[in-house]
Number of protein chains: 2
Amino acid sequence: MDAVAAQVETAALPGPCSRIPVEDADFVRQIMDRVGDKWTLMVIATLQDGVMRYTELLHAIPGISQRMLSRTLAQLHHDGLITRTAYAEVPPRVEYALAPLGASLKDIVASLIDWAITHHAEIRRHRALTGTADNH
Amino acid sequence: MDAVAAQVETAALPGPCSRIPVEDADFVRQIMDRVGDKWTLMVIATLQDGVMRYTELLHAIPGISQRMLSRTLAQLHHDGLITRTAYAEVPPRVEYALAPLGASLKDIVASLIDWAITHHAEIRRHRALTGTADNH
DNA sequence: CCGCATCCGGCGTGATACTG
DNA sequence: CAGTATCACGCCGGATGCGG
């Protein structure tokens, strides 16, 4: 956990990055559109474990639909974050894994998950305080 | 890489998703639903600089609508990630800033942005290769 | 049989206009 | 200036069907 945190700090250290360069803001937004998607994050997080098949992912990510899984996998593959290996066999088998580019996101996503596990109780407490108002 | 092989073996173990504790998986998903939202990430990233007003945020985050900004700010405030300070004055003034809980996410979000800036060129290149950037 | 493209219903999302 | 109400559109999810 600390190792991961250290990596995060290392990545965040180049201080002046606190403000997003205006000329990069658009690119950042585009990337965030992909990476900042809940299913994308969940898929990458799940693929941390290694090679997985379509149905495995479908089962490992509760609540995701086949449509969204297919689309997310296609996007990730299209962006070069994951690799897709299809075996022309019977029964058919398709295996997904993190490409190097996706692996570079691994630590960050792991940090996010770590943060979620660490702070979810606190968030739920805050939600309870602010009022029941569970957002739609 | 040997590390990759190790991960494959880990995945081969019976049971999905060994990284995320099963009992926390649901919580992780819930948190990811919030944190894994593009606007949430953009708002937190923008608030890294410090205190900001509604219109400032609206202008600082290209493409966000008033509705989504209000909603996102309300959610973040509801979850205790940001603070909301309203001055009963004319003209009205509302200032938003990261709460300690949100500040704990700062480094991770900064890493994400850093990653986006570092790799967006590579992603765009992959997109061009995979097909004419055509999303069916 | 698994992987995934397609079709349709419902809801979240975004642009505009309006209120305090 | 800060935020809400309204409406039309586009995206998400579930079921179905097909190809390999």
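Sequence lines set the chain letters: A, B, ... in the order given, protein chains first and strands last, and positions in each chain run from 1.
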Distance-only donor-acceptor test, B/Arg67 side-chain atoms vs D/dT6 base atoms, 3.5 Å: yes
Whichever of B/Thr55 and A/Ser65 has its nearest DNA chain D nucleotide further upstream toward 5': B/Thr55
Closest to side chain of A/Val94, choosing from C/dC4, D/dT4, D/dG13: C/dC4
Atom-to-atom span, NZ of A/Lys38 to P of D/dC11 - whole angstrom: 15 Å
Whole angstrom value for the distance that separates P of C/dC11 from CG of B/Asp33: 17 Å
5′-ward residue of the pair A/Gln66/A/Val90 relative to DNA chain C: A/Val90
Expected output: side-chain B/His120 to main-chain B/Ile117 donor-acceptor under 3.5 Å: yes
Between C1' of D/dG13 and CD1 of A/Ile61, the distance in whole Å: 15 Å
Spacing between B/Leu58 atom CG and D/dT4 atom P, to the nearest angstrom: 13 Å
Integer-rounded Å distance: D/dG14 P and A/Leu69 CG: 13 Å
Among C/dA5, D/dT4, C/dG14, the nucleotide that comes nearest once only the side chain of B/Ser70 is considered: D/dT4
Sugar-phosphate, base or nothing in reach of B/Tyr96, heavy atoms under 4.0 Å: sugar-phosphate
Residue met sooner reading DNA chain D from 5', once A/Asp37 and B/Glu56 are mapped to nucleotides: B/Glu56
From C/dT13, D/dC1, D/dG20, nucleotide with atom closest to A/Pro92 side chain: D/dG20
No-hydrogen, no-angle side-chain donor-acceptor test under 3.5 Å, A/Tyr54 and A/Gln66: no
Rounded distance (Å) that lies between atom C1' of D/dG13 and atom CE of A/Met42: 17 Å
Phosphate contact (D/dC12 OP1 or OP2) by A/Arg71 side-chain N/O below 4.0 Å: yes
B/Trp39 side-chain N/O to C/dG14 phosphate OP1/OP2 under 4.0 Å: yes
Value in whole Å for how far the P atom of D/dG19 lies from CZ of A/Arg93: 23 Å
For atom CE of B/Met68 and atom P of D/dG10, their distance in whole Å: 17 Å
B/Leu73 side, atom CG; B/Ile82 side, atom CD1 - distance, nearest 0.5 Å: 4.5 Å
Sidechain-backbone polar pair: A/Thr72 side chain, A/Leu69 backbone, donor-acceptor under 3.5 Å: no
OP1 or OP2 of C/dC4 under 4.0 Å from side-chain N/O of A/Arg84: yes
Backbone N/O of B/Arg34 and side chain of B/Thr40: donor-acceptor pair under 3.5 Å: yes
